[in-house]
Amino acid sequence: MLDVKGLHTYYGRAHILADVALSVAKGEVVVLLGRNGAGKSTTMKSIMGLVPARAGVIRFLDQDITGRESHAIARMGLGYVPEDRRIFAELTVMENLEVGRQKPREGAPTWTAERLFAIFPNLAEMRDRPGGRMSGGEQQMLTIARTLMGNPRAILLDEPSEGLAPVIVEQMANTIKALKSEGLTVVLSEQNLHFAHLVADRAYIIEKGRIRYTGTMGELAANDSVRAQYLSV
Amino acid sequence: MDFLLVQFLNGLASASSLFLVASGLSIIFGVSRIVNFAHGSFYMLGAYVAWTLTRGLDWVAFGHLGFWGGILIAAVVVGLLGVIVEILLLRRIYQAPELFQLLATFGVVLIVQDATLWIWGAQDLLGPRAPGMRGAIDIMGQRFPQYEMLLIVIGPAVLGLLWLLFHRTRWGTLVRAATLDREMVAALGVDQKLLFTSIFFLGSFLAALGGGLQLPREPVQLNMDLAIIADAFVVVVVGGMGSVGGAYLAALLIAELQAFMLFVPDFALFGVTVSISKMTLIPSFLVMAVVLVVRPYGLLGRPPSHARIAGAVEPVVRATPAELKWLGYAALALLVVLPFFVGDYGLIVATEILIMVLVAASLHFMMGPGGMASFGHAAYFGLGAYGAALMTKHLMAPMAVGLAAGPLLAGLFGILFGWFCVRLSGVYLAMLTLAFAQIVWSIAFQWVAMTGGDNGLLGIWPDSWATGKDVYYYLTLALCVAGVLVLRRMIYAPFGYALRAGRDSPLRAEAIGIDVVRVQWAAFTVAAVFAGLAGALFVYFKGSVFPTYASIPKSVDALMMVLMGGVQTITGPLIGAVVYMGLHEQLVRLTELWRLVLGASIIALVLAFPQGIAGFVVRLWLKGKAEDL
């Protein structure tokens with residue numbers, strides 16, 4: 001479904017991503033693990049066309065999307081949930097959802113505000129509250145719901161557990177599992193190995209802009225040296 | 001009492017007109033972050049096109065429909081024109097620095113000015129009265145025109161419609177979201193091109209509607225564009241950029257103050273009559289000053305979001321290469337011997353260019369190392385000119401006193417205006433400098449007793465020892481070269497380092513003990529003083545002073561010189577001044593349509609060299625060097 005090969009990204013002269021490659025099949029939940037500044041967010045932004053890729057090929061649904069504009073990529077059914085949430089602070093919950101709304105898409109789960117409220121019951125109680133007056137956890141729920149309103153085939157979830165209370169993290173894991181059971185393909189980035197184990201099928205480990213390891217979550221659990229080298233703080 | 005009520009109603013009517021224009025400007029800025037100078041031109045075009053259409057349709061005997069239909073159709077036509085400008089020009093420069101966007105839209109202003117002159121002629125045109133609204137109604141014994149009553153209603157009605165549009169439609173929701181975070185909106189699958197184009201239609205439509213509705217109130221004329229844009233800028237800054245409700249509130253405040261100011265009696269200051277009631281821009285100034293102190297981002301505005309992609313890092317200012325230094329000495333030597341080779345005309349041109357070089361260098365000082373873009377630098381040039389002229393005219397002072405008084409006056413106003421300006425940054429600062437410049441202009445224009453108003457002050461010549469063209473040339477050369485060298489020296493002094501540190505990273509500069517605001521305030525004042533010196537030199541050179549010395553086009557001239565040369569090179573603005581003045585001189589001589597050619601050149605320049613000419617040359621040179629290696 002999503003294929004990235006030889007991706008190089010720069011910020012000015014700084015070389016951020018070097019030869020990143022990943023491949024995600026339909027219905028999979030894949031986690032991109034790495035420490036702060038390893039290049040997780042930049043990988044997602046590059047795929048989404050928010051940061052230009054200097055070299056490499058990004059394919060989505062067997063089409064080359066390298067260099068396309070973000071809105072065109074989103075229109076193909078690739079959703080993006082940014083790490084800093086980026087809720088429209090002065091828009092209400094309903095209005096935030098409205099901005100994300102796109103037409104139903106064949107071969108992808110179809111979402112309405114009401115269906116999303118069933119998954120995120122907190123949001124249902126604050127339909128008319130401005131996004132800026134919500135807690136961090138509520139905002140995180142809203143930003144995922146907003147992206148789902150576009151009825152995506154796959155979503156890029158940038159550090160969904162970051163800064164959330166443990167109870168909410170648990171809730172978030174259940175949500176991602178629910179999305180997977182709907183048939184949604186999910187790529188998420190994480191620093192939290194525990195959280196990754198709860199939801200993901202496979203993992204890529206990224207460090208200093210390079211992919212260092214790839215394997216199933218089971219294989220990663222068995223490989224102490226890789227975990228120690230790339231993930232321990 | 002009843003008279004007060006009528007005055008209050010007059011204020012409401014004016015507020016409506018002002019609001020229509022300002023709301024369009026504010027909406028466009030909110031989404032596109034472009035400060036659209038051409039907004040005033042759309043307002044003017046709205047009035048002109050409506051004038052033609054209402055007359056044209058009247059012939060076909062449409063009656064009421066002819067008048068109202070004409071105004072509406074005119075607004076739609078101008079709205080479409082806005083769309084064309086957006087697609088052909090602005091779409092290419094959304095990523096360019098803010099100043100280049102401002103300049104490009106000013107290019108549109110110039111083109112529209114000449115096109116309007118060419119189509120409708122220079123005569124003021126009297127519009128038709130509104131059919132069915134020619135009479136007046138009786139309000140507590142006072143007669144109040146029906147049409148004004150209609151305007152009072154139109155303002156809040158449009159405000160309400162805009163509110164519904166922005167809060168009850170999907171399009172409006174998307175626009176509000178884009179105002180907050182454009183990148184996120186794109187990542188959610190919204191094509192912003194359509195959004196931007198439609199917002200330009202709406203904004204231009206509102207401007208033209210405001211212009212068309214002025215038809216029964218005032219004659220249509222060629223200076224409507226720049227007159228309204230300054231007012232609209234003030235309203236938008238006071239209301240908060242991007243806030244429609246804020247725009248109405250600000251328009252109301254300013255219009256009411258203007259209406260009631262007519263009651264302030266004239267008084268005498270130092271023996272000169274001061275007639276506040278005639279200085280209509282003063283209330284705008286007062287409101288703006290108070291609001292910006294209390295709420296720097298306007299009544300209903302928010303601080304600009306920092307979500308935008310990090311801007312380009314400013315290049316380091318390096319020591320002057322030896323080659324360039326020798327080139328400088330050679331140029332200076334050439335200037336010293338110039339009078340032996342050229343006649344009076346050549347000397348006149350050279351003197352003027354030298355003065356403009358000083359203007360460019362002073363503006364560059366605050367823009368380059370200071371990072372403060374000024375769109376109203378002509379204010380200080382004009383203040384310097386008036387400072388000198390008033391000394392000579394009213395006090396019979398010798399030229400030396402005038403040459404000192406000019407920079408002094410400019411510096412004092414630099415301290416005053418700078419205090420407000422350095423509290424803002426980026427495009428907010430640029431708009432504020434422009435508003436201050438308009439205030440200086442309006443004082444010069446409206447305080448007839450002191451400044452002679454539009455007729456200016458004439459017969460201000462140098463002392464007898466300096467009347468020779470060559471002597472005055474040498475005087476100018478000495479003062480301008482000294483000024484440029486002092487400015488240069490300051491850039492390389494600790495003061496210049498502190499200034500650049502504050503520009504590049506205000507937080508870190510503060511953390512190492514630099515009072516950024518104070519350093520910038522000082523730089524602002526320094527720039528004003530040297531612009532004032534240039535203005536004083538210019539007065540004795542021309543023998544007269546006019547309000548146009550402080551006008552918007554003069555400010556843009558200064559900006560063009562700096563930007564043509566490249567903001568981040570020190571020598572660039574000097575070259576820019578020479579090239580621009582040469583170009584200007586030739587254009588005015590060659591063609592009647594020089595505004596059109598100049599406007600087109602500005603646009604071409606912005607599209608072709610976003611780094612300026614010197615920046616472009618430096619890049620070529622560096623590239624050549626890199627290939628040599």
Side-chain angles (χ1 to χ4, degrees), chain A residues 11-14 41 44-52 68-103 105 128 130-132 142-153 155-156 158, chain B residues 27 30-31 91 94-95 163-198 240-246 297 300-316 504 622 626:
Chain A
Y11 286 134
R13 281 189 193 165
S41 293
M44 295 199 160
K45 284 184 181 163
S46 303
I47 294 172
M48 213 51 213
L50 294 169
V51 175
R68 281 200 200 177
E69 288 180 84
S70 310
H71 72 87
I73 295 170
R75 288 259 149 193
M76 289 178 66
L78 185 58
Y80 168 65
V81 180
E83 119 192 79
D84 41 1
R85 297 175 192 138
R86 294 171 82 164
I87 287 298
F88 303 115
E90 282 165 36
L91 270 57
T92 63
V93 167
M94 285 307 278
E95 285 173 333
N96 266 284
L97 294 180
E98 173 65 22
V99 176
R101 185 167 66 81
Q102 290 178 44
K103 289 203 187 84
R105 192 170 272 115
D128 293 321
L142 178 57
T143 178
I144 294 174
R146 183 178 66 183
T147 299
L148 290 175
M149 282 297 283
N151 304 312
R153 294 188 166 91
I155 58 170
L156 308 173
D158 202 355
Chain B
I27 292 169
V31 177
R91 212 174 253 192
Y94 282 130
Q95 303 304 325
W163 191 88
L164 285 177
L165 186 64
F166 284 124
H167 290 84
R168 289 288 175 269
T169 68
R170 173 172 168 83
W171 180 84
T173 308
L174 294 182
V175 167
R176 279 161 59 222
T179 309
L180 297 168
D181 189 342
R182 287 195 301 205
E183 201 184 52
M184 195 59 229
V185 170
L188 289 169
V190 178
D191 186 354
Q192 306 200 44
K193 281 202 197 91
L194 290 175
L195 216 53
F196 279 36
T197 307
S198 53
M241 295 178 93
S243 164
V244 177
Y297 297 103
L300 302 183
R302 290 164 258 105
S305 67
H306 296 284
R308 43 188 323 180
I309 303 157
V313 181
E314 306 286 3
V316 179
D504 291 339
L622 286 178

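The sequence lines fix the lettering, A, B, ..., with proteins before strands; numbering per chain opens at 1.
Once rounded to the nearest 0.5 Å, the distance linking CE of B:M184 with CG of A:D84 reads 9.0 Å. The CG atom of A:L97 sits 11.0 Å away from the OG1 atom of B:T173 when rounded to the nearest 0.5 Å. Note: B:L188 CG to A:E98 CD = 11.5 Å, rounded to the nearest 0.5 Å. Remark: B:Q192 CD to A:E69 CD distance equals 9.0 Å, nearest 0.5 Å.
Looking only at side-chain heavy atoms (C-beta outward), B:E183 and A:S70 stay at 4.5 Å or farther from each other. Between B:R176 and A:F88 the shortest side-chain heavy-atom distance does not fall below 4.5 Å.
Ranked by heavy-atom pairs under 4.5 Å with chain B, the first of A:R146, A:M76, A:Q102 is A:R146.
With a 4.5 angstrom heavy-atom cutoff, A:A89 touches chain B only via backbone atoms. Using a 4.5 Å cut-off between heavy atoms, A:E95 contacts chain B through both its backbone and its side chain.
Here the closest non-hydrogen pair linking A:V99 and B:V185 is CG1-CG2, 4.5 Å.
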